[in-house]
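Since the structure comes first, as structure tokens, the remarks are kept for the end.
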Amino acid sequence: MTTRRQFVKEGLLTSAGLLLATESFSSFTVLQKPKVIIIGAGFSGLAAAYQLHKRGIDVLVLEARNRVGGRVFTYTMDAKEKLNVELGGEWISKAQKRILSLCDELGLLLQDNLLQAHLLYKNQYFKPYEWGVSPEWQKKIAKLKMDFADLRPEDQLEMDKLDWWRYLLNNGCDGRDLDIQNLVDSIDFGESIRQVSAYTALHHFTTVAERKELPYKIVGGNGKLAEAIADKIGREKIKLNYRVQKIEQGGRVKITCTNGEVFEADKIICSAPTQAMKTIEWLPKLPVDKMDAINELQYSRVNKNLMLFSNRFWKDERFDMVTDSTAHFIYHGSKDQKSVKGVLISYAAGDKADVISKQNETGRMVLMQQALLPAFGNIKPLLEKQFNYYWGDDEFSKGSYAIYRPGQWFRIRPVLQKPFINTYFAGEHIAELQASMEGAVVTGEEAAAMI
Ligand SMILES: Cc1cc2nc3c(=O)[nH]c(=O)nc-3n(C[C@H](O)[C@H](O)[C@H](O)COP(=O)(O)OP(=O)(O)OC[C@H]3O[C@@H](n4cnc5c(N)ncnc54)[C@H](O)[C@@H]3O)c2cc1C
């Protein structure tokens with residue numbers, strides 16, 4: 001497995017090699033501070049820009065969207081009531097040390113975002129603490145998680161050959177336990193657990209994502225962190241609605257945007273998701289192994305359907321409900337925000353996400369009602385408005401976050417991490433704590449450290 005330290009070392013070696021090989025680089029003095037362009041103003045791009053800015057390096061961020069934040073996207077569901085919810089990255093776990101530290105540094109307040117899960121399974125509704133996996137399986141999974149830390153590299157490779165569903169079944173998880181494990185875990189991965197490598201699943205659960213350890217979000221919305229970093233860097237250094245179309249690398253880098261504007265830099269950091277990287281014309285072309293990796297990597301499908309209700313009939317601010325219906329996971333998105341109104345969000349993963357996204361408003365309401373009816377009766381009269389966002393159709397990521405399938409983690413992630421001429425790469429898809437805001441920030445800071 002390529003460790004973070006190895007990655008930094010490889011990057012340094014690659015750039016050192018190229019420094020010798022590239023003719024026009026001979027005029028580049030190491031003492032001179034380079035001009036750096038960063039593609040993308042998501043958490044990884046902004047984190048990179050912020051680090052470079054602190055070092056007094058001239059940075060420019062080019063962002064294709066009309067806003068900063070990328071897949072962290074705070075949305076105002078009711079402006080009058082000041083109800084903000086997250087369309088993208090939501091929970092900040094205690095393991096997200098860089099995010100927590102940046103919030104502290106930038107004076108952003110955190111609120112507890114711990115929810116308590118109800119369950120709808122086979123049309124039966126269960127309150128918190130009235131459901132769970134069997135005690136035997138609970139004991140077994142705890143042991144599997146504990147043993148994970150001691151796995152030898154060859155065992156890790158073996159585990160990475162299996163998907164999480166097969167691995168669980170092989171280890172004695174079956175019936176209701178397996179159903180619940182799939183319902184709950186697929187919320188994290190954005191796809192069925194049959195799609196996910198067993199190694200990456202256990203890695204994820206033993207690092208970022210123990211459900212009970214997901215307690216925070218930023219007061220006013222997670223998008224505030226992107227805004228605060230952008231303010232520190234200087235808004236004039238961030239160009240919105242600038243979509244990079246072509247990257248030409250030689251001694252320096254020439255970047256052409258779709259609006260025809262051209263920029264030059266000594267080095268660039270590309271923080272775009274792989275789908276977006278593919279749409280850029282690279283001259284010279286990206287190496288074959290990197291292109292193959294880009295072509296292989298999948299992003300999971302998450303659909304968020306927001307429902308604004310005239311009152312919080314679910315009563316508990318910490319309400320959430322895992323269901324085996326199409327709505328999948330329903331949770332209180334406006335927790336602790338002052339208003340009698342409230343927003344429930346359906347977070348559906350994989351095929352379920354796809355199905356919901358294809359419905360019209362009425363169709364979506366029927367699916368939501370189906371999930372809420374056994375617990376709350378007919379809630380339709382309380383519904384004021386819905387808003388739907390399907391990440392599977394997002395123009396730049398074509399998915400919510402990268403999903404490493406069996407056999408991919410150790411093989412293609414190091415290839416995606418490798419710098420190419422004057423370009424360094426960042427983004428959640430290459431992070432150790434992959435699929436998280438923390439992972440995005442860490443890769444951005446690592447890329448900045450290589451410059
Ligand atoms: C539905 C959902 C739920 C999530 N839940 C959580 C959670 O609870 N906790 C958690 O920690 N994480 C969560 N995440 C993951 C987290 O949001 C992401 O890992 C992180 O935001 C990714 O940041 P990034 O910088 O790698 O990529 P992005 O945010 O995608 O940033 C890349 C930027 O590059 C821009 N770009 C692309 N192409 C170009 C181009 N050609 N020119 C210029 N700009 C370009 C894009 O517009 C984008 O702004 C969730 C994500 C989603 C979608």
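Order of listing sets the numbers, starting from 1, for every ligand and every atom in it. These values consider heavy atoms only, across backbone and side chains, with no hydrogens, waters or symmetry-generated copies.
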Has ligand 1 got any nitrogen or oxygen that is less than 3.5 angstrom from a nitrogen or oxygen of [X]?
X      : value
Arg243 : no
Ser44  : yes
Val302 : no
Glu428 : yes
Tyr401 : no
Glu438 : no

Do the charged groups of [X] and [Y] touch, with an N to O distance under 4.0 Å?
X      : Y      : value
Glu438 : Arg98  : no
Glu395 : Arg65  : no
Asp394 : Lys398 : no

Would you mind running through ligand 1 and noting each atom that sits below 4.0 Å from a heavy atom of [X]?
X      : value
Tyr242 : 42 (N), 43 (C)
Arg65  : 46 (C), 47 (O), 48 (C), 49 (O)
Ala276 : 37 (C), 38 (N)
Phe396 : 37 (C), 38 (N), 47 (O)
Ala272 : 37 (C), 38 (N)
Ser271 : 32 (C)
Gly427 : 26 (O)
Trp91  : 7 (C), 8 (O), 9 (N), 10 (C), 11 (O)

Pick one of side chain, backbone, both or neither for how [X] approaches ligand 1, counting any non-hydrogen atom pair under 4.0 Å.
X      : result
Trp391 : side chain
Tyr347 : side chain
Leu87  : backbone
Gln96  : side chain
Ala435 : backbone

Inset, instruction - Would you indicate whether Arg243, at its atom CZ, is surrounded by more than 12 heavy atoms from other residues, nucleotides or ligands within a distance under 6.0 Å? - result: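 More than 12 heavy atoms, drawn from other residues, nucleotides or ligands, come within 6.0 Å of this atom.
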Relative to [Y], does [X] satisfy both conditions: NZ or CZ under 6.0 angstrom from the six-membered ring centre, and within 45 degrees of the ring's axis?
X      : Y      : value
Lys145 : Phe205 : yes
Arg67  : Phe73  : yes
Lys239 : Tyr242 : yes

Taking the six-membered ring for Trp, are [X] and [Y] ring centroids under 6.0 Å apart?
X      : Y      : answer
Trp409 : His203 : yes
Tyr401 : Phe189 : no
Phe319 : His118 : yes

Below 4.0 Å from any atom of ligand 1, is there a heavy atom belonging to [X]?
X      : answer
His429 : no
Gly69  : yes
Pro273 : yes

Legend entry - Atom pair CD/CG of Glu361 and Leu383 - distance to nearest 0.5 Å: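 Nearest 0.5 Å value for the CD-CG distance: 8.0 Å.
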Legend entry - Reported NE2-to-CZ distance for the pair His332 and Arg312, which is rounded to 0.5 angstrom: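 Answer for the NE2-CZ pair, His332 versus Arg312, is 4.0 Å.
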Closest candidate by heavy atom, reference [atom], pool [options]:
atom                    : options                       : value
atom 18 (C) of ligand 1 : Ser436, Gly70, Ala48, Gly89   : Ser436
atom 10 (C) of ligand 1 : Arg71, Lys239, Lys278, Met437 : Met437
atom 7 (C) of ligand 1  : Glu90, Met277, Gln245         : Glu90
atom 42 (N) of ligand 1 : Ile187, Val244, Asn241        : Val244
atom 48 (C) of ligand 1 : Glu63, Lys246, Glu395, Gln275 : Glu63
atom 43 (C) of ligand 1 : Gly45, Ala64, Gly190          : Ala64

Legend entry - Side-chain heavy atoms of Asn388 within contact of Lys304, under 4.5 Å: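 Not in contact.
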Inset, instruction - Verify whether one side chain among Gln337 and Asn84 offers a donor that lies under 3.5 Å from an acceptor in the other. - result: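 Checked: Gln337/Asn84 side chains show no N/O donor-acceptor pair below 3.5 Å.
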Legend entry - Residues which pass ring pair (Phe, Tyr, Trp, His ring centres under 6.0 Å) with Phe126, listed by chain and number, not counting sequence neighbours: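 For Phe126 there are no ring pair (Phe, Tyr, Trp, His ring centres under 6.0 Å) partners, ignoring immediate neighbours.
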Legend entry - Lys335, Gln116, Lys127 screened by side chain to side chain contact (heavy atoms under 4.5 Å, CB included) with Asp316, the one that passes: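 Option passing the side chain to side chain contact (heavy atoms under 4.5 Å, CB included) with Asp316: Gln116.
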